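FYI, the numbering just counts along the sequence from 1. The model shown is predicted, which means the values in this text are computed figures rather than measured ones.
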Amino acid sequence: QVQLVESGGGLVLPGGSLRLSCAVPGFTLANYYAMAWFRQAPGKEREAISSISSSTGRAYYADYVKGRFTMSRDIALNTVSLEMNSLKPEDTAIYYCAAADMIEVAGDTLRGADVTFWGQGTQVTVSS
């Protein structure tokens, strides 16, 4: 069983920034097609917001986070991160790290992903 451990969530003011990290101990990132971040707001479905290809390192984003969020990876440390800037109240959600066997993209836009393993999630609250 692969364990994904998120950290870095919290409370931030609108316009602020947060950095989420996902550690995958004992696991090689290249074993899966891609790593991804999802989020789920209260009363809404879980949605894919970013993904990074294990083979190319290319990142893809959902339209509503493009230009504000940046996903990166550290292969040596087996970690992925999500830098979130210009946060809005509508970004409030539980954020999940995931290992995916397939991602769906349209150009450079992420549409979805087939997830094999999920992290436990970390709460991000954007509020004044």
Joint cluster assignment, Phe117 & Ile52, ILVMFWY side-chain distance < 4.5 Å: yes

Expected output: side-chain Glu6 to main-chain Gln120 donor-acceptor under 3.5 Å: yes

Side chain Ser51, main chain Met35, donor-acceptor under 3.5 Å: yes

Arg73 to Ser53 - nearest heavy-atom pair and separation: NH1-O, 3.3 Å

Any donor-acceptor N/O pair, Thr122 side chain to Gly8 backbone, under 3.5 Å: no

Electrostatic pair Arg58-Asp108, nearest N-O below 4.0 angstrom: no

Shared hydrophobic cluster, Leu87 / Met71 (ILVMFWY, side-chain heavy atoms < 4.5 Å): yes

Flag if over 12 foreign heavy atoms under 6.0 Å of CD, Glu90: yes

CD1 on Ile49 to CG on Leu82, rounded to 0.5 Å: 5.0 Å

Where Cys97 and Leu4 come nearest, the two heavy atoms and their spacing: SG-CD2, 3.5 Å

Residue pair Glu47 / Tyr64, side-chain donor-acceptor N/O under 3.5 Å: yes

Whether Tyr96 and Trp118 hold their rings parallel, tilted or perpendicular, with breakpoints at 30° and 60°: perpendicular

Tyr60 and Arg111, any side-chain heavy atoms less than 4.5 Å apart: no

Heavy-atom donor-acceptor pair, Arg39 side chain to Ile94 backbone, under 3.5 Å: no

Thr125-Ser127 side chain donor-acceptor pair, cut-off 3.5 Å: no

Asp74 versus Thr79, side-chain donor and acceptor atoms under 3.5 Å: no

Nearest non-hydrogen partners of Leu110 and Ala48, listed with the distance: CD2-CB, 3.8 Å

Cationic N near anionic O, under 4.0 Å, Lys88 to Asp91: no

